[in-house]
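My questions will all concern the structure given below.
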Amino acid sequence: MARNETIEIRRESAQVPYRAALDEMALRNAAIAEGTAQELIWLLEHPPVYTAGTSAAPDELLDPRFEVVEAGRGGRYTYHGPGQRVGYVLLDLRKRARDVRGFVHALEGWVIETLADFGVESWRAEGRVGIWTRGADGREAKIGAIGVRIRRWVTMHGFSVNLSPDLSHFGGIVPCGIEEFGVTSLAALGKEVTPEAWDEALLSHLDRFLERLDTPCPPSAA
C-alpha cells in the first residue's frame, strides 16, 4: 500500500493541547469511517497532562498536579508532556485485516523497530501493556505506552515514546496501573534524539507496519 497516496502524515513542532487533539481525532475518525477524509498518522507532543483510560482506577491517581482528562481509549492512567513523542494512528481496518489484536501487535512492533534504530533494545512483556527496555540501573522499565480505541473499524489514539520528558512527572500516577516497574527515556539511556530524528526513523518503518495490518495476528502473538 503506497502510504503517500492514501495516508496524511502530519508532524507538529508546537505542542498541541490534549483536549484539542482529542476533539480533532474524534472528528477525523468519524470522517474516515464515512469515507470523507484520508487516514492520518499524526505525530506531536502535548503540554503536561494525565489521561485516564477506560480501566483507570481512582487510587492510581496519586498527585493530580496536572490536568486530568478522560481519554476514551483503553488502558489506565498515562502521562503526556514535553519531550515525549506521541503518535496518533487513524486507520481504516475495513481496508485491512479486521483484527484488533493484530493492530496492537503491529503498533508495538513499529515502535520496537524504531527504538532499535537508536541502539535501544526493547520488547513486549506478557501481561504488561507497553514497550519495555532496561533502564540505566539495569532494571526493566517502560519506555513507551500503547493505548487505542477502535470505532466503526477505524482506529484512534496510538502510542507514546519517552524521548526526553521530565520523568518525575510520572510520579503523579501509577503509570498504566503497573507499580513494580519504573519508566525511562532515550535521554536517560544516554541517547539524545530530537523529535525530528524520531519521526524520520519511525516513518522509515511505516510501510512495513502497514504490510503487517494486511495479515491477521497469529495465535502465538497474543
Side-chain angles (χ1 to χ4, degrees), residues 1-12 16 18 20-44 46 51-56 69-76 78 80 85-115 122-131 144-161 176 198-199 201-222:
M1 184 176 299
R3 76 182 196 209
N4 292 330
E5 296 177 5
T6 61
I7 301 174
E8 178 188 352
I9 309 296
R10 190 185 306 175
R11 300 166 60 174
E12 306 286 358
V16 179
Y18 187 79
L22 201 60
D23 290 344
E24 186 160 350
M25 264 198 296
L27 291 173
R28 186 62 169 256
N29 174 279
I32 293 169
E34 293 163 4
T36 58
Q38 281 184 295
E39 297 171 301
L40 173 66
I41 305 292
W42 191 11
L43 306 176
L44 67 150
H46 294 301
T51 71
T54 54
S55 302
V69 180
E70 292 188 6
R73 54 159 173 77
R76 298 164 93 159
T78 299
H80 295 310
R85 203 63 173 162
V86 178
Y88 291 134
V89 182
L90 289 89
L91 297 178
D92 189 347
L93 296 186
R94 295 170 300 184
K95 299 177 179 179
R96 303 173 173 89
R98 298 194 188 203
D99 185 344
V100 176
R101 186 184 63 185
F103 171 71
V104 173
H105 195 261
L107 202 60
E108 292 168 336
W110 190 16
V111 174
I112 289 168
E113 289 178 354
T114 306
L115 285 168
S122 59
W123 52 83
R124 305 171 181 88
E126 186 174 356
R128 287 186 267 133
V129 177
I131 308 301
I146 303 286
V148 303
R149 182 176 182 181
I150 297 176
R151 184 187 294 169
R152 294 173 63 186
W153 287 108
V154 177
T155 66
M156 56 193 300
H157 298 280
F159 62 86
S160 60
V161 175
C176 301
W198 170 263
D199 291 354
L202 182 78
L203 294 173
S204 74
H205 295 283
L206 176 57
D207 288 340
R208 176 63 181 140
F209 163 67
L210 295 173
E211 287 172 7
R212 291 192 181 108
L213 299 183
D214 292 332
T215 305
C217 190
S220 61

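The structure presented is a predicted model; accordingly, all values stated were derived computationally and were not measured. One-based numbering along the sequence shown.
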Which residues satisfy the salt bridge (Lys or Arg N to Asp or Glu O under 4.0 Å) test with R124, sequence neighbours excluded?
E108

Applying salt bridge (Lys or Arg N to Asp or Glu O under 4.0 Å), can you list everything that pairs with E70, at least two apart in sequence or on another chain?
none

Value for CE (M156) from CG (L91), rounded to nearest 0.5 Å, stands at 12.5 Å

Separation of L93 CG from T155 OG1 (nearest 0.5 Å)
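With rounding to 0.5 Å, OG1 (T155) is 5.5 Å from CG (L93).
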
For E113, salt bridge (Lys or Arg N to Asp or Glu O under 4.0 Å) partners two or more places apart
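Result, salt bridge (Lys or Arg N to Asp or Glu O under 4.0 Å) vs E113: R212.
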
Among pairs that include at least one residue of residues 27-37, which meet side chain to side chain donor-acceptor pair (under 3.5 Å), considering only residues two or more places apart or in two chains?
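Only E8-R28 qualify under side chain to side chain donor-acceptor pair (under 3.5 Å).
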
Heavy atoms of A97 and P216 approach each other most closely as CB-N, 3.8 Å

Does the side chain of L43 come within less than 4.5 Å of V86's, by heavy atoms?
no

Take E39 and R96 through the salt bridge (Lys or Arg N to Asp or Glu O under 4.0 Å) test and state the conclusion after the steps.
CA-CA 13 Å; E39 297 171 301; R96 303 173 173 89; 2.6 Å; yes

Ion pair E24/R10, N-O distance below 4.0 Å:
yes

Please list all pairs passing the salt bridge (Lys or Arg N to Asp or Glu O under 4.0 Å) test where one or both residues lie in residues 151-160, with sequence neighbours left out.
none

Can you say whether the rings of Y18 and H46 are parallel (under 30°), tilted (30 to 60°) or perpendicular (over 60°)?
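Y18 and H46: perpendicular rings.
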
Rounded to the nearest 0.5 Å, what separation is found between the CZ atom of F159 and the CH2 atom of W110?
5.0 Å

So CD1 of I32 and CG of D92: to nearest 0.5 Å the spacing works out to 7.5 Å

Considering non-hydrogen atoms only, spot the tightest contact between T51 and A71 and give its length.
CB-CB, 4.1 Å

Could you work out, with side-chain hydrogen bond (donor to acceptor under 3.5 Å, both in side chains) as the rule, every residue matching D199, not counting sequence neighbours?
R11, R85

Test side-chain contact (heavy atoms from CB on, under 4.5 Å) on F209 and L107; report intermediate values, then the result.
CA-CA 7 Å; F209 163 67; L107 202 60; 3.9 Å; yes

Donor-acceptor check, side chain of R94 to backbone of A33, threshold 3.5 angstrom: yes or no?
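Yes: the side chain of R94 pairs with the backbone of A33.
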
For T114, check side-chain hydrogen bond (donor to acceptor under 3.5 Å, both in side chains) against everything at least two apart and list the hits.
none

By ring pair (Phe, Tyr, Trp, His ring centres under 6.0 Å) - contacts of H157 (at least two apart)
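Partners of H157 by the ring pair (Phe, Tyr, Trp, His ring centres under 6.0 Å) criterion come out as none, since no residue qualifies.
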
What's the verdict on side-chain contact (heavy atoms from CB on, under 4.5 Å) for L210 and I7, showing C-alpha distance, side-chain angles and the deciding distance?
CA-CA 11 Å; L210 295 173; I7 301 174; 3.7 Å; yes

If we count only N and O atoms by modelled type, under 3.5 Å, do the side chains of R73 and T78 hold a donor and an acceptor together?
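Their side chains do contain a donor-acceptor pair, which is all the 3.5 Å distance test asks for.
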
Rounded to the nearest 0.5 Å, what separation is found between the CG atom of L90 and the CD1 atom of I41?
8.0 Å

Going by side-chain hydrogen bond (donor to acceptor under 3.5 Å, both in side chains), name the residues that satisfy it together with W153, two or more places apart in sequence or in a different chain.
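None.
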
dist I131:CD1 -> W123:CH2 (nearest 0.5 Å) comes out at 11.0 Å

Please enumerate all residues that pass ring pair (Phe, Tyr, Trp, His ring centres under 6.0 Å) together with F103, with sequence neighbours excluded.
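Residues passing ring pair (Phe, Tyr, Trp, His ring centres under 6.0 Å) with F103: none at all.
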
Residues two or more places apart in sequence or in another chain: which of them pass ring pair (Phe, Tyr, Trp, His ring centres under 6.0 Å) with W42?
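Scan of W42 (ring pair (Phe, Tyr, Trp, His ring centres under 6.0 Å), adjacent residues dropped) gives none.
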
Which atoms form the tightest heavy-atom contact between S122 and L115, and what is the distance?
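Reported closest heavy-atom pair: OG-CD1, 3.3 Å.
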
Under the side-chain contact (heavy atoms from CB on, under 4.5 Å) rule, what do V69 and L22 come out as? Steps first, then yes or no, please.
CA-CA 10 Å; V69 180; L22 201 60; 4.2 Å; yes

